[in-house]
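Take a look at the structure below.
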Amino acid sequence: MSVQVAFIGLGTMGYPMAGHLARRFETIVWNRTHAKAQAHAQQFGSRAVSDVRETAQAEFIFTCLPTSVEVEAMVEQTLSALRPGTVWIDCTSGDPNHSRRIAQMLKGSGCEFLDAPVSGGKAGAEAGTLTVMVGGEEATFRRALPVIEAFAGKVFHVGDVGAGHAVKAINNMLLAVNLIAVAEGLVTLVKEGVDPAVALEVINVSTGRSFVSEVHFPERVLTRAFPPTFSLGLLAKDARIAVSIAREAYLPTPLMQLATEVFEMAKRQIGADADHTAVVKLIESWAGVEIAPKQKEG
Ligand code: NDP
């Protein structure tokens, strides 16, 4: 019998990820807004269902939802229909503690859980080249690997349940810290009369460079485009998760705390639905300048 997979949550990331699955496997899709599931079925040949419990027919069930709260709600709704041996693969950038509770709930029904958050953004999801960091039992990981590979460039098994979410939260915290740091550096240079486009050219062949300085600032900030691909609200959520992990371990992490506060401020002032790079606008408002290339004279 051919492998059946299901995908719950056809958002920015889930829609193309489920598309890659549908090219290789029989794929059931469910989305809160059903029209998106229908569009997916039209585009990729998946099967759209209107009752989430119908996803329980699949051997592998994927979720890619905003937070672990929505994931738990989906597990609760489908639990009585799940068959023993089903593997629930959560690609949400979730909370490790919450995931451990969800895994326990599934275990009670003879099902397995993997946290498998992804990195690579909308472009990586569309290209099928996402980096996937997986937490869970080794045997379950091995079983799920061939399906995960449908949308992945690189897949890492990083530890027990929750470890994938922990690695993802820290990765995104590094993204958050970088965005703030590069913005503060560049508004300072603009005040000093330096063209930020020229400053970035220098930094990007020097030791201060990062993915944020090499890609985000040239493509999203200097252009003033801030295209909405990954929301500021979701990055603020990831920062909060990273801080909560550090707090539980009683670790002093001042930089992580500060970055989280700045993102909370940005969420209120700039808006949760803006692109995450729009945090730069908050730093610009404090400085009273914009990080935009200098206009050429003449
Ligand atoms: P989107 O906001 O684009 O999509 C969210 C999805 O969740 C939609 O399908 C939405 O349904 C569904 N949803 C929201 N609330 C509920 C609910 N209460 N019940 C059921 N379904 C719900 O998010 P993204 O795709 O951007 O992000 C998804 C996850 O992936 C997040 O955890 C995010 O942090 C992570 N991520 C995002 C990246 C990005 O670049 N965007 C990169 C890497 C990870 P509906 O269509 O009805 O609104």
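Keep in mind that what you see is a predicted model, and the values were worked out from it rather than measured. Just follow the structure's listing: the first ligand is 1, and inside any ligand the first atom is 1.
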Look at [atom] and say which protein heavy atom is nearest, naming residue and atom and giving the distance to 0.1 Å.
atom	result
atom 15 (N) of ligand 1	Arg32 NH1, 3.3 Å
atom 41 (N) of ligand 1	Thr229 O, 2.8 Å
atom 7 (O) of ligand 1	Pro66 CD, 3.3 Å
atom 30 (O) of ligand 1	Cys64 SG, 3.7 Å
atom 4 (O) of ligand 1	Gly11 CA, 3.3 Å
atom 40 (O) of ligand 1	Phe230 CB, 3.2 Å
atom 43 (C) of ligand 1	Val118 O, 3.4 Å

message: Can you confirm whether Ser210 sits close enough to Leu175 that some side-chain heavy atom of one is under 4.5 Å from a side-chain heavy atom of the other?
response: no

Residue [X] excluded, over 12 heavy atoms near [atom1] under 6.0 Å:
X	atom1	result
Arg23	CZ	yes
Glu138	CD	yes
Asp273	CG	no
Arg247	CZ	no

Should [X] be counted as touching ligand 1, given the test is an N or O pair under 3.5 Å?
X	value
Thr33	yes
Met13	yes
Gly121	no
Cys91	no
Lys237	yes
Leu65	yes

Just to be sure I'm reading this right: ignoring hydrogens, which of [options] gets closest to [atom]? Compare them by their nearest heavy atoms.
atom	options	value
atom 19 (N) of ligand 1	His276, Lys36, Met74, His34	Met74
atom 10 (C) of ligand 1	Thr12, Asp275, Asn31	Asn31
atom 17 (C) of ligand 1	Glu70, Lys168, Gln77	Glu70
atom 36 (N) of ligand 1	Ser93, Gly233, Ala125, Gly124	Ser93

query: Heavy-atom distance from atom 2 (O) of ligand 1 to the protein below 4.0 Å?
result: no

message: Which of the numbered atoms in ligand 1 are under 4.0 angstrom from any heavy atom belonging to Gly9?
response: 9 (O)

State the [atom1]-[atom2] distance between [X] and [Y], to the nearest 0.5 angstrom.
X	Y	atom1	atom2	result
Lys267	Ile270	NZ	CD1	13.5 Å
Ile170	Asp238	CD1	CG	10.5 Å
Thr86	Gln57	OG1	CD	11.0 Å
Ser99	Leu114	OG	CG	10.5 Å
Arg32	Glu70	CZ	CD	8.0 Å
Leu10	His34	CG	NE2	10.5 Å

statement: Quick look: Ser231 vs ligand 1, heavy-atom contacts under 4.0 Å, and the answer is neither

statement: Going by the 4.0 angstrom heavy-atom rule, the piece of Leu234 near ligand 1 is side chain

message: Between Phe151 and Phe62, is the ring centroid distance below 6.0 Å?
response: yes

field: Residues clustered with Leu65, ILVMFWY side-chain links under 4.5 angstrom
entry: Ile8, Ile28, Trp30, Val49, Val52, Ile61, Val71, Met74, Val75, Leu79, Leu82, Trp88, Ile102, Met105, Leu106, Phe113, Val161

